[in-house]
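Below, read A as the first sequence line, B as the second, and so on, with proteins coming before strands; counting in each chain starts at 1.
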2 protein chains.
Amino acid sequence: MRAADELKHAALEQFATVGFAGTSLQHIADEAGYAKSSVLYHFASKEALLEAAIEPAVAGFEDVLAVFLAGRGGRSDARRRELVDRVVDLLLEHREAVHVFLTQGQSLSGLPVIDRANVAVRRLAAAVCEERESVDDQVRFGIAIGGAAFLLTAGRTFADESTLPTDDELRDALRRIIADILTPARTPSN
Amino acid sequence: MRAADELKHAALEQFATVGFAGTSLQHIADEAGYAKSSVLYHFASKEALLEAAIEPAVAGFEDVLAVFLAGRGGRSDARRRELVDRVVDLLLEHREAVHVFLTQGQSLSGLPVIDRANVAVRRLAAAVCEERESVDDQVRFGIAIGGAAFLLTAGRTFADESTLPTDDELRDALRRIIADILTPARTPSN
DNA sequence: ACGCTAGTTGACCGATCGGTCAGAGTCTGC
DNA sequence: GCAGACTCTGACCGATCGGTCAACTAGCGT
């Protein structure tokens with residue numbers, strides 16, 4: 001069962017950097033040290049490989065969301081902050097899958113796992129924004145999640161001037177700043 | 001000269017939605033109503049077409065940046081806010097080019113126009129963040145620009161629940177929120 | 001009428017794409 | 001020893017890729 005994992009890992013890395021359409025099965029196989037045929041032995045198709053590669057990430061978000069929604073502690077600010085923390089953890093843990101979903105999700109819609117991820121994100125937005133549905137809140141949520149995902153992957157291109165921060169530094173900063181973005185001024189000032 | 005513009009427009013749209021590698025010259029030609037050979041008559045190669053398509057956007061950012069850096073008014077908060085406003089305008093005007101650059105820039109590095117865009121973004125970050133180079137400031141800048149770009153393109157996938165906001169609404173919200181994100185609490189609290 | 005240039009196109013090229021298939025190697029239980 | 005399942009692979013398929021090229025058309029100055 002090691003081969004399938006190696007292939008998933010290699011595939012995810014390529015999908016995140018070169019894009020799904022820009023990645024060939026041959027290249028994935030070469031990267032993982034197998035023949036192209038072996039890839040199609042473990043996964044029925046290129047799309048099935050993508051699904052298998054990002055499914056754990058989607059499942060993770062669904063779990064965190066389910067825990068939040070089932071929690072009996074209401075939707076206090078503390079609980080919402082806890083949700084943000086766990087989401088940030090998932091963003092860091094599955095950064096490649098998140099990047100693939102956010103940057104190529106629209107061209108990949110139709111794949112079951114992508115549709116699952118879409119409803120998960122919508123429910124996440126609803127949980128974070130509560131019933132407040134102003135344009136500002138939508139924009140804040142979009143910037144927070146899109147920005148975080150961008151920062152974790154593409155952002156490295158021009159953020160490494162001196163020394164790029166540790167994952168732990170990044171995690172702390174993201175937790176603080178995203179919570180900051182999502183809760184503008186608890187009592188509106190504009 | 002109309003044909004070249006039509007092809008650039010069609011190409012940019014495809015590059016933004018399906019990705020550069022995932023877009024075929026044949027599809028671009030079909031979309032614009034020409035033959036594949038015509039595309040390669042107007043542009044030396046697929047890469048040259050990409051460069052021509054996103055060059056105006058890069059030039060726009062370079063101009064705005066040059067105006068800001070050459071301005072004799074120092075770097076007051078008001079001037080920095082004006083810079084943010086103009087950058088937001090450019091993000092809206094060239095949203096497809098911005099999307100292509102931010103989501104595929106790393107796999108497209110090497111193309112002259114992409115490298116130009118990279119240095120422009122770095123200088124923009126320096127101009128906005130001033131000499132403050134803490135992890136937080138870098139994260140805030142990354143989230144702001146990445147989030148805005150994400151919101152303008154991919155974000156539409158799951159933001160259109162009811163009615164997605166007007167461009168003008170979006171512009172106002174972005175100006176306010178991005179300025180907000182980049183200037184956390186004028187005097188640091190951490 | 002002429003030649004010249006710009007624009008457009010279909011035919012064609014080698015390479016590579018995702019995917020199929022018939023084996024070959026390896027290990028197990030009998 | 002042997003049967004069977006599991007894993008892996010090279011050869012091969014039709015389709016499509018980016019790119020080349022010669023030919024055709026339309027306009028324009030002379």
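- Between the CG atom of B/Leu25 and the C1' atom of C/dT16 there is a distance of 15 Å, rounded to whole Å.
- Residue A/Phe101 comes nearest to A/Ile114 through the heavy atom pair CE1-O, 3.9 Å, listed as atom of the first residue, atom of the second, then distance.
- Distance CZ (A/Arg2) to C1' (D/dT7): 15 Å, rounded to an integer number of Å.
- Rounding to whole angstrom units, CG of residue A/Leu50 and C1' of C/dG18 are separated by 15 Å.
- Closest approach of B/Ala11 to B/Leu49, counting heavy atoms only: CB-CD2, 3.6 Å.
- Between B/Ser24 and the phosphate of D/dC17, there is a side-chain N or O to OP1/OP2 separation shorter than 4.0 Å.
- Nearest nucleotide to the B/Gln26 side chain, out of D/dC17, D/dC8, C/dC17: D/dC17.
- For C/dG10, neither phosphate oxygen OP1 nor OP2 lies less than 4.0 angstrom from any side-chain nitrogen or oxygen of B/Ser37.
- As a whole-Å value, the separation of B/Phe43 CZ from D/dT20 P is 15 Å.
- Taking atom OH of residue B/Tyr34 and atom C1' of nucleotide C/dT8, one finds them 9 Å apart after rounding to whole Å.
- On a pure distance criterion of 3.5 Å, no polar donor-acceptor pair joins the side chain of A/Lys36 and the base of D/dG10.
- For D/dC8, the OP1/OP2 oxygens have a side-chain nitrogen or oxygen of A/His42 closer than 4.0 Å.
- Applying the 4.0 Å criterion to OP1 and OP2 of D/dT7, one finds that A/Tyr41 has a side-chain N or O inside that range.
- In this structure, A/Leu49 places its CG atom 10 Å from P of C/dG19, rounding to the nearest Å.
- Projected onto DNA chain C by closest heavy-atom contact, B/Gly33 and A/Ala44 fall at different nucleotides, the more 5' of which corresponds to B/Gly33.
- The interatomic distance linking A/His27 (NE2) with C/dG18 (C1') rounds to 16 Å, in whole Å.
- Of all heavy-atom pairs between A/Ala21 and A/Lys46, the closest is O-NZ, 3.9 Å.
- The pair A/Asp5-A/Lys8 meets the salt-bridge criterion, with a side-chain N (NZ, NE, NH1 or NH2) lying under 4.0 Å from an Asp/Glu carboxylate O.
- The local environment of CZ in B/Arg86 is sparse, with at most 12 non-hydrogen atoms from other residues, nucleotides or ligands closer than 6.0 Å.
- The interatomic distance linking A/Leu40 (CG) with C/dA22 (P) rounds to 16 Å, in whole Å.
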